[in-house]
Each structure stands twice: as structure tokens, then as C-alpha cells.
Chemist: 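Have a look at this one before I ask anything.
Heads up: numbering here begins at 1 and tracks the sequence.
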Amino acid sequence: FSPDLCRAMTLRFQSEVQTDSGIDAFRYVADPSLLDNGTRDDTTCNCPRSTPCPFPRGVLSVARCKYNAPAYLSFPHYFKGDPALHAYVD
């Protein structure tokens, strides 16, 4: 569970890798549903107030864990988010 995300994080195994120092490791990546706001059936609870969600895919409201502050999370540069998100940034 991540208190910053207000939810458990699901990570998927991607591959075996080796660091620049030669250490063997496993690479895990975030599941595509991590910041989904309800566009998938199994993530509809991520947008509890209304259906459809008032914000695009790739932005997750964390207000209920942040004293109802208007707080949202996304991947850096809205990675894996709705392309419409880029229109909000200069």
C-alpha cells in the first residue's frame, strides 16, 4: 500500500536485467491500471464521485486521502495518459 497513491500498487515483472556494475536484477513496471481513473471495469472505484470521471485517463484523484484537497497524481509528463492532458500545459 502506498499512502501517496491512496491504494495498493501492482507491479508486473518485465525482464531480467543487469546493472552497469554487473549486478543481476529483476525489472518491474507499474501495471497500466495504476493511475487509471475508471476507464477499465476493474478501476471504476478510482473515480468515486461521478461516472464518467471528470478528468482524463492517466490522472488519479487522491483527495480522499489528502483531507479532500484537490490533489491529483500522474506519471511524469503524463506518460501513458490521455493525449488531451498535454493541452493543459504550456
Side-chain angles (χ1 to χ4, degrees):
F1 183 82
S2 170
D4 291 329
L5 291 175
C6 302
R7 60 184 297 186
M9 293 187 340
T10 302
L11 301 176
R12 287 185 296 115
F13 172 78
Q14 185 180 47
S15 62
E16 293 185 28
V17 297
Q18 192 171 66
T19 68
D20 292 338
S21 303
I23 298 171
D24 293 328
F26 300 110
R27 179 183 306 255
Y28 287 84
V29 296
D31 189 78
S33 66
L34 180 65
L35 295 180
D36 191 79
N37 61 6
T39 56
R40 296 167 36 143
D41 289 338
D42 60 341
T43 60
T44 54
C45 62
N46 294 343
C47 192
R49 292 193 179 138
S50 62
T51 303
C53 266
F55 41 89
R57 173 181 44 83
V59 178
L60 180 68
S61 172
V62 292
R64 59 191 161 155
C65 292
K66 305 298 178 194
Y67 306 102
N68 289 322
Y72 300 89
L73 291 177
S74 72
F75 285 116
H77 307 285
Y78 301 119
F79 179 65
K80 296 187 179 184
D82 189 309
L85 290 167
H86 296 276
Y88 297 111
V89 181
D90 288 332

Chemist: Same cluster or not: Leu11 versus Phe26, using hydrophobic residues (I, L, V, M, F, W, Y) connected whenever any side-chain heavy atoms lie under 4.5 Å apart?
Modeler: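 Leu11 and Phe26: one cluster.
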Chemist: Which pair of non-hydrogen atoms, one from Arg12 and one from Ala30, has the smallest distance, and what is that distance?
Modeler: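 It is NH2-O, 4.1 Å.
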Chemist: Counting only heavy atoms not in Tyr67 (residues, nucleotides, ligands), do more than 12 fall under 6.0 Å from its OH?
Modeler: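 Open: at most 12 neighbouring heavy atoms sit under 6.0 Å from OH of Tyr67.
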Chemist: Just wondering, more than 12 heavy atoms not from Phe79 lying within 6.0 Å of its CZ?
Modeler: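 Count not over threshold, so no.
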Chemist: Would a distance-only check, ignoring hydrogens and angles, find a side-chain to backbone donor-acceptor pair under 3.5 Å from Thr19 to Ser21?
Modeler: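 Pair found, side chain donor or acceptor close to backbone of Ser21.
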Chemist: Around atom NE2 of His77, are there more than 12 heavy atoms of other residues, nucleotides or ligands at under 6.0 Å?
Modeler: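 No, not enclosed.
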